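These notes are about the structure you will find just below.
In the text below, chain A, chain B and the rest are named by the order of the sequence lines, each starting its count at 1. Since the model is a prediction, treat every value here as computed from it, not as a measurement.
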Number of protein chains: 2
Amino acid sequence: MDEVGAKAKTMKSTILHGIRVALLEIGSATTVELSDKLGISFPTISKFLGQMEKDGELILTGLDHSSGGRRAKRYTYNPEYKLGLALFMEENETNYVIFNCFGEVKEQGKTEPALMDDGFSLLTKDIEKLMEKYPHVSSMAIGVPGSVDNGRIFFIPGYKHIQDFDLKGYFEDQFSLPVVVENDMNAAVLGYHHNGKIKHNHSLIYLYSGQNGPGAGIMINGGVVRGSTFFSGEVSFVPQYDDRNFLRALGKGKKTDKKAIREEYEIDAISRLVASFTAIINPKTIIFCNDEVDESILARISVRSSTYIPANHLPELVASDWKQDYLCGLQVLGLKLMLAEESN
Amino acid sequence: MDEVGAKAKTMKSTILHGIRVALLEIGSATTVELSDKLGISFPTISKFLGQMEKDGELILTGLDHSSGGRRAKRYTYNPEYKLGLALFMEENETNYVIFNCFGEVKEQGKTEPALMDDGFSLLTKDIEKLMEKYPHVSSMAIGVPGSVDNGRIFFIPGYKHIQDFDLKGYFEDQFSLPVVVENDMNAAVLGYHHNGKIKHNHSLIYLYSGQNGPGAGIMINGGVVRGSTFFSGEVSFVPQYDDRNFLRALGKGKKTDKKAIREEYEIDAISRLVASFTAIINPKTIIFCNDEVDESILARISVRSSTYIPANHLPELVASDWKQDYLCGLQVLGLKLMLAEESN
DNA sequence: GGAACTTATTAAACCTCTTTAAAAAGTTTA
DNA sequence: TAAACTTTTTAAAGAGGTTTAATAAGTTCC
């Protein structure tokens, strides 16, 4: 735990990881470009690139045009070298995606719901079929609507039988590949963060008024906030009025089907929440689901919030596609696993 | 920015830093103990220890009792090898501390206030005298009641003339040693975190109802939360009742002198804030100033908070000495600078 | 009290990445 | 078209940390 960052043993994987990330980020590169970017000498880079090309992890796309000297070899990462499987479980279905290292979707679909009793065996069989079809799959990222602690489902309302279940361990044993499990909101905020190509470690909050009551995914300084009892983001409980918290202010006792936010009392409740977020965390952006708000609603929230907080400190309010961000976040997590693998 | 963590050049300072931290943490150690703890081979450790002993940075305290073999040399860090200066500026005075690497205070005192016009030149002269008296001082940590961005005073209410002033740059030029500048609440939360010997990266919130209105220092995942416009922790603005935010709920319009919290309406306002913190961040601990609350008040807040939030998710509420934590936090920041120095 | 066993330190061989130099491959200019 | 100049790649030398072996220093047992 106190270990020095990169000792000799981990050096190889550190470099490998660096090359992969850099190459994916900038699309293609030459030895020198990578050397500059990573601060590693070009002979070392050269050696690694040679090996990676042999393994099929890289593609030699050709030679650069010369600017007065020998032409440089230009490499691209082979996106098909490894694939990933991302899936998230919901009440009635399981959405999955097979994606490559560029984030391109090879196949997308729905399959068995797994959260109910006995759901896992059905799902496992479906995944087995997928694995046969795509033998290059080498990571799994799973999203669940509950609290997760290192792959174990810590708390998941409504599905008692899988509470305390070690989902990560289960699938790792089953398919012998690295698995990551994440909470839905956390994955979504991660996905948005990645999608927006946000430079560096801004704070984000993803707000979602789901069926099971509202929740928020919070990202601060580039890391997801989990909370000491995995309770962070349970904004239902924020006291807002003399005798109402956020949940009751939204009038959500009576499980309505309607999604869109429209009413004045909703606007005010959300604006107060935005104000609370700002006064406490002061995030760069708050993300809403685009099936719940539109631009005009956002504008109203923005105006209303500024009655509570100096406008110049208010976060940017945006609408985004929740499911897409969710899947994207899972893909990011899966990709991380793939890029970290020794693969040797 | 994308550089691989520890390349050869930084290796030396990484190891040096690791040895220093480990040695200060565990008090004393032998070559093998350090090697185990840091994951670095003992010949390397041995070489470094030899050099550090020559430099006077280490003290050979003697030989371990043998457990059947050659007796091992036991080293201790020499706390006087480097000293640090920590100071914080307030309206009417500047508190300072000279401390060694064990955190032991060599001298403590008050000196010129620096926040008013022309205060800096007086303070600078006083510091010069201190530096002559303690030539081993090799870092400075400065606390200010305002927002700080990388040593620059970003926003400081009431002292317009030093707004946007590069305090870090000024003192670094003046005394040619590393300087760190930090906001008061952030330093305090850091100090408490360090003082409590908290294992790992819990979330903490330091709540303070200062003269200039309440504020909070927030630490999440081991890092201080600054906010996108350096507005985080400005909890005055949290909407709490139909028509009152936290500041107004405390009845603080009329700048009262009284400090202690007693009234029922205060308890409720604070409890609602605790509930908001919990629902959003879910911190491990919330720290209050011990001149504002006592155990019975904390108990009342705790009970009241649990009317808003399930009690098992509520943070631990504690009282602590603000000035002491503040200074301690500054010391931690200064110490960090000292331990990172190449010193070669 | 010496033989056998433990453990810490020192020394030597080794591996890996970096630095520096040389070679290879292109482009431009006389 | 050959000489001069650029730039990349390959090769060799160098530096720093690790691994392995050898040595030094203690302890225990007969």
Assign each of A:Thr30 and B:Thr44 to its nearest nucleotide of DNA chain D by heavy atoms, then name whichever residue's nucleotide is nearer the 5' end.
A:Thr30

Flag side-chain contact, heavy atom, 4.5 Å: A:Leu60 against A:Glu53:
yes

A:Lys47 NZ to D:dA11 C1', in whole Å, measures 14 Å

I'd like to check B:Phe102 versus B:Glu104 (side-chain heavy atoms, cut-off strictly below 4.5 Å). Are they in contact?
yes

Just verifying a value: how many Å separate A:Asn150 CG and A:Leu167 CG, rounded to the nearest 0.5 Å?
12.0 Å

Atom-to-atom span, CG of B:Leu63 to C1' of D:dT27 - whole angstrom
15 Å

Please pick, from D:dT9, C:dT18, C:dT9, the nucleotide with the shortest atom-to-atom distance to any side-chain atom of A:Phe42.
D:dT9

Can you find a side chain N or O atom of A:Thr31 that sits less than 4.0 Å from OP1 or OP2 on D:dT9?
yes

Do the charged groups of B:Asp166 and B:Arg152 touch, with an N to O distance under 4.0 Å?
no

Position toward the 5' end of DNA chain D (nearest nucleotide), A:Ala72 or A:Pro43
A:Ala72

Among B:His17, B:Arg20, B:Lys82, the one residue meeting side-chain hydrogen bond (donor to acceptor under 3.5 Å, both in side chains) with B:Glu341:
B:Lys82

Whole-Å gap separating P (D:dT18) and CD1 (B:Ile45):
8 Å

Any idea which of C:dG26, C:dT19, C:dT9 is nearest the A:Ser66 side chain?
C:dG26

Compare the minimum distances between each of C:dT9, D:dT18, C:dC17 and the side chain of B:Lys73, then state the nucleotide with the smallest one.
C:dT9

Taking CG from B:Leu34 and P from C:dA8, how many angstroms apart are they, rounded to a whole number?
13 Å

What is the distance, rounded to the nearest whole Å, between atom CZ of B:Arg71 and atom C1' of C:dT10?
19 Å

For the pair made of CZ in A:Arg70 and P in D:dA4, what is the distance, rounded to whole Å?
22 Å

Euclidean distance, atom CG of residue A:Asp36 to atom P of C:dT18 [Å, nearest integer]
13 Å

Assign each of A:Ser41 and A:Gly69 the nucleotide of DNA chain C bearing its closest heavy atom; nearer the 5' end lies the nucleotide of A:Ser41

Just the rounded figure in Å: distance from P of C:dT16 to CG of A:Leu16.
15 Å

